[in-house]
Amino acid sequence: MTTDGPHDALPPLRLPRRTRRLLSCAFLLLVAAVVADLLSGPGTTLSPVLAVAPMLAGATSRSARVPLFAGAVATAAVALLELSNSGLPTSVHLAALITVLAATLASAANVVLVSARERELTQVRTVAEAAQRALLRPPPERLGPLRVAVRYAAAAAEARIGGDLYEVVDTPHGIRILLGDVQGHGLPAVETAADVLGVFREAARTEPDLARVAERLDAALAGRRVNERFATAFLLDVERSGGRAGFVNCGHPHPLLRRAGRVTELEPPQHAPPLGLLGLIGGHYRAGGFDPLPGDLLLLYTDGVSEARDAADRFYPLAQRLAALPAASPEAVLDALLADVGDWLGDAGPTDDAALLALRWET
């Protein structure tokens, strides 16, 4: 169904199956009440219950015409019942008529209000999607020896964007990759994510040392005087020849490396604080490394995935589920994991943003 205005189209209204069943039962009860009224004789009437008709109709549509039409039908039914119950006082029939008309107008007004709010929400989502495309640019599917895939799911569906971030940059120093998670939620987290991405895109191209890139990011967050936040991050440096890969882990969950069906954590040479907090302990970030093989799949993720909990408060077993997935493209792996996380969460839904980035080394 569409709205009344030709330029204000909204997505089709899709009611959950349980809701449709409940509304159907309500309509059947309404029909049964009318039939019972006709069969009960002239001494009683159930005509006031017809005021429910426009309300039920309004719950199934985004168009005000639907409850208005239902109200017109209900008004005609009240007139029909008045003829069959002529022995009742006029005030009874008049009260039923006024009740139906008032319910019709209220239901139509409610539909107009809800539709206006949904149009506003659609506009907000459109702006958020544009902001996400500008902030989180889709990476190339193939860079050097890597096949790359990314998936992002914001906890607040109406926002479409949050504090998780990623970037893949092809530089003279190799392929530089960043996946991070800003502390907190909402627009302040998005603002911090934008700052981190801006510094990374510049530093990744100018700094030969990956650890120095991390320190530049740390200094950028530590130097902020407004909206002070920290961010966990994992930085990866991949040679275009497919040789040794370097990485720096800034307080981020350890990536998972799947090799020949076996999944292991990629642990750093030393544990380091998140970006923005290095000054609290002094020192420098230290880079680690590993030697990738053709067919290896490296999964980078944020805690929106690893800390997802089911109804029994159990954490999602990411490493176990990744190992059980069949060998497939990075895109298929991420789609399968996100669907599996959704099943794990059940009706509770996500409570945190989730970002997944998968890399597969190919010959």
Side-chain angles (χ1 to χ4, degrees), residues 132-133 135-154 162 164-170 174-181 197 200 204 210 232-240 242-250 252-268 288-308 316-344 350 352-363:
Q132 185 182 46
R133 286 193 296 269
L135 185 62
L136 302 177
R137 304 166 185 169
E141 293 183 3
R142 181 71 184 257
L143 266 178
L146 296 177
R147 185 165 179 178
V148 185
V150 171
R151 296 292 184 270
Y152 186 98
D164 290 3
L165 56 100
Y166 59 82
E167 183 60 288
V168 180
V169 182
D170 192 3
I175 301 168
R176 297 278 176 78
I177 296 167
L178 167 69
L179 186 90
D181 184 1
L197 288 169
F200 175 76
L210 188 64
T232 65
F234 183 86
L235 291 79
L236 183 69
D237 190 350
V238 178
E239 296 180 0
R240 294 192 65 86
R244 188 167 179 78
F247 65 90
V248 176
N249 193 324
C250 308
H252 198 74
H254 298 165
L256 300 177
L257 178 64
R258 188 172 78 173
R259 175 176 292 175
R262 184 169 176 264
V263 174
T264 56
E265 288 189 348
L266 196 61
E267 297 190 11
F290 69 103
D291 297 308
L293 299 175
D296 283 356
L297 185 138
L298 184 66
L299 178 67
L300 282 60
Y301 57 92
T302 60
D303 57 13
V305 179
S306 58
E307 296 184 3
Y316 178 70
L318 179 58
Q320 177 184 339
R321 298 301 177 98
L322 177 62
L325 289 177
S329 67
E331 296 87 351
V333 169
L334 296 190
D335 288 338
L337 283 175
L338 276 181
D340 195 41
V341 170
D343 293 340
W344 182 268
D352 198 1
D353 303 330
L356 291 165
L357 192 152
L359 309 166
R360 190 175 71 186
W361 276 259
E362 298 185 347
T363 54

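Residue numbers run from 1 in the order of the sequence given.
Not one N or O on the side chain of Tyr316 forms a donor-acceptor pair closer than 3.5 Å with the backbone of Gly304. Using a distance-only test at 3.5 Å, with no hydrogens or angles considered, a donor-acceptor pair links the side chain of Arg142 to the main chain of Gly144. A donor-acceptor pair under 3.5 Å is formed between the side chain of Asp296 and the backbone N or O of Leu293. The backbone N or O of Leu325 sits less than 3.5 Å from a side-chain atom of Arg258, completing a donor-acceptor pair. With hydrogens and angles disregarded, a donor-acceptor distance shorter than 3.5 Å links the side chain of Arg244 to the backbone of Gly289.
Between Val305 and Leu337 there is no side-chain heavy-atom pair separated by less than 4.5 Å. You'll find the side chain of Leu146 reaches within 4.5 Å of the side chain of Ile175, heavy atoms only. Between Leu178 and Tyr166, the closest side-chain pair of non-hydrogen atoms is not below 4.5 Å. Considering only heavy atoms from C-beta on, Pro294 stays 4.5 Å or farther from Glu362 through its side chain.
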Walk me through it: do Phe200 and Leu235 pass the test side chain to side chain contact (heavy atoms under 4.5 Å, CB included)?
CA-CA 10 Å; Phe200 175 76; Leu235 291 79; 4.1 Å; yes

Please test Arg151 against Glu331 for salt bridge (charged side-chain N to carboxylate O under 4.0 Å, His left out), starting from the C-alpha separation and ending with a verdict.
CA-CA 8 Å; Arg151 296 292 184 270; Glu331 296 87 351; over 6 Å; no

Check step by step if side chain to side chain contact (heavy atoms under 4.5 Å, CB included) holds for Leu334 and Leu357.
CA-CA 8 Å; Leu334 296 190; Leu357 192 152; 5.8 Å; no

Please step through side chain to side chain contact (heavy atoms under 4.5 Å, CB included) for the pair Leu299 and Val333, ending with a clear verdict.
CA-CA 10 Å; Leu299 178 67; Val333 169; 5.6 Å; no

Show the numbers, then the answer: is there a side chain to side chain contact (heavy atoms under 4.5 Å, CB included) between Leu256 and Leu298?
CA-CA 6 Å; Leu256 300 177; Leu298 184 66; over 6 Å; no

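A salt bridge does not link Arg176 with Glu167: every distance from a Lys NZ or Arg NE/NH1/NH2 to an Asp or Glu carboxylate oxygen is 4.0 Å or more.
Thr302 and Asp164 are linked by a side-chain donor-acceptor pair at a separation below 3.5 angstrom, with hydrogens and angles left out of the test.
Scanning all heavy atoms of the two residues, the minimum distance from His252 to Asn249 falls at N-OD1, 2.7 Å. For the pair Gly246 and Leu210, the tightest heavy-atom approach, listed with the atom from each and the gap, is O-CD2, 3.7 Å.
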